[in-house]
Amino acid sequence: MRYELIIFDNDGVLVDSEPLSNTILAAYLTELGHPTSYEDSLRDYMGAAVHRVHDFVEERTGQRLPADFDDTLHARVFAAFERELEPVAGAVEVLEKLAADGVPYCVASSGSHERIRVGHRKTGLDRWFGDDIVFSAQDVGRGKPAPDLFLHAAERMGVAPERCAVVEDSPLGVAAARAAGMDVYAFTAMTPAEKLTGATGYFSRMARLPELLGRSVA
């Protein structure tokens, strides 16, 4: 295989969380007096750490979000995860194949460590991800689209950036991977390919990913 490390985004790539979390985020912002549609939330915040929400609202309105915004948002999202969250179709099969082939992988997410763990426990993906291969925007100074998180993950895993492949589904994530000097494969199940410009390859079904990474599907 031409890659020594596969770095997965989490939300929308491993766990099917984007519809849930963006619906809740849009409703909460609207409740606070900042009218936001589901489509607005996807456009502005998909793939980003929560600090981006604070920054955007303050830039646009001059108002700061409540001090307990993060805690309230996370509580609502986690409750929805416990009720409804599922793994992305085909994600488990991809992880099984990478493990069987001995290809190292990890996750690098804009979400907090708690958010990642809650989602993985609910979907059963925790069996594939020990603490040593889970990286969060909490671990670095800048989230996506800065390259810091992906570079941090590669360094911790002991792999040069040019030997890494990133699996992403957001424009911010694709930009971050390219800035890190990594190949990036864009998952287009939710975001059209034309909004994920600059990717190395595109796929709409997880079953295609091993082939794109240089392995045929077993």
Side-chain angles (χ1 to χ4, degrees), residues 7-66 69-70 72-81 84-89 91 107-112 115-116 119 136-138 140 142-150 166-180 182 184-206:
I7 304 176
F8 289 95
D9 176 43
N10 189 58
D11 293 292
V13 170
L14 294 173
V15 296
D16 193 16
S17 54
E18 295 290 9
L20 292 174
S21 59
N22 282 283
T23 296
I24 291 166
L25 174 57
Y28 187 27
L29 287 173
T30 300
E31 176 186 319
L32 293 173
H34 306 290
T36 306
S37 69
Y38 172 70
E39 291 75 19
D40 293 337
S41 185
L42 288 177
R43 181 193 65 223
D44 295 337
Y45 307 123
M46 182 175 169
V50 70
H51 68 77
R52 182 179 175 92
V53 183
H54 290 266
D55 293 344
F56 266 45
V57 169
E58 187 167 5
E59 287 171 9
R60 291 170 176 173
T61 70
Q63 301 175 29
R64 292 190 175 184
L65 292 170
F69 177 85
D70 292 10
T72 301
L73 176 65
H74 290 153
R76 294 182 183 186
V77 168
F78 294 169
F81 281 6
E84 304 177 55
L85 190 63
E86 298 288 342
V88 166
V107 63
S109 172
S110 292
S112 66
R115 178 187 173 111
I116 298 166
S136 161
Q138 287 182 310
V140 296
R142 300 181 300 168
K144 304 168 189 178
D148 304 34
L149 176 56
F150 290 138
V166 175
V167 185
E168 265 288 354
D169 71 330
S170 75
L172 294 176
V174 170
R178 299 304 295 172
M182 300 175 181
V184 54
Y185 293 88
F187 184 41
T188 61
M190 278 194 62
T191 305
E194 58 266 24
K195 293 186 178 181
L196 299 170
T197 57
T200 309
Y202 299 86
F203 65 107
S204 60
R205 294 182 302 109
M206 273 291 163

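Remember, predicted model here, so these are calculated numbers, not experimental data.
In this structure, the separation between CG on N22 and CG on L20 is 9.5 Å, given to the nearest 0.5 Å. Of the inter-residue distances, the one linking D44 atom CG with E39 atom CD reads 11.5 Å to the nearest 0.5 angstrom. In this structure, OG in S17 is found 5.0 Å from CZ in R115, a value given to the nearest 0.5 Å. Atom CG in L14 sits 9.0 Å away from atom OG in S109 (nearest 0.5 Å). We find the NZ-CG distance between K195 and L42 to be 8.5 Å, quoted to the nearest 0.5 Å. Within the model, atoms CD of E168 and CG of N10 stand 10.0 Å from one another, a figure rounded to the nearest 0.5 Å.
When side chains are defined from C-beta on, M190 counts as touching P19, because their heavy atoms get closer than 4.5 Å. For the pair P171 and L196, the minimum side-chain heavy-atom distance is below 4.5 Å. For the pair L65 and L29, the minimum side-chain heavy-atom distance is below 4.5 Å. In this structure, I116 and Q138 have side chains that are not in contact, with every pair of non-hydrogen atoms separated by 4.5 Å or more. In this structure, Y185 and Y202 have side chains that are not in contact, with every pair of non-hydrogen atoms separated by 4.5 Å or more.
A salt bridge between R43 and D40 is present, with a side-chain N of the basic residue lying under 4.0 Å from a carboxylate O of the acidic one.
Annotation for A91 and V13: closest pair CB-O, 4.1 Å, computed over non-hydrogen atoms. Across all non-hydrogen atoms, the minimal contact from A177 to V184 is CB-CB, 3.6 Å. Nearest heavy-atom pair across A180 and F150 is CB-CB, 4.1 Å. Residues A137 and G143 come closest through the heavy atom pair CB-CA, 4.5 Å. Across G47 and S170, no two heavy atoms sit closer than the pair CA-OG, 3.6 Å. Counting all heavy atoms, side chain and backbone alike, L73 lies closest to V50 at CD2-CG2, 4.0 Å.
Taking a 6.0 Å sphere around CZ of R60, one finds it holds more than 12 heavy atoms contributed by other residues, nucleotides or ligands.
Residue pairs meeting the ring-ring contact (aromatic ring centres under 6.0 Å, His included) criterion with at least one member in residues 18-52, sequence neighbours excluded: Y28-F69, Y45-F56.
The aromatic rings of F81 and F78 sit tilted relative to each other, their planes meeting at an angle between 30° and 60°.
With M46 as the fixed residue, the side-chain contact (heavy atoms from CB on, under 4.5 Å) test singles out one of D11, L172, L25, D169: D169.
Within the 3.5 Å criterion, the main-chain N or O of G198 finds a donor-acceptor partner in the side chain of R178.
The side chain to side chain donor-acceptor pair (under 3.5 Å) test applied to T36 returns no partner, not counting sequence neighbours.
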inquiry  = Apply side-chain contact (heavy atoms from CB on, under 4.5 Å) to residues V88 and F187 and explain how you reach the verdict.
reply    = CA-CA 11 Å; V88 166; F187 184 41; 3.8 Å; yes
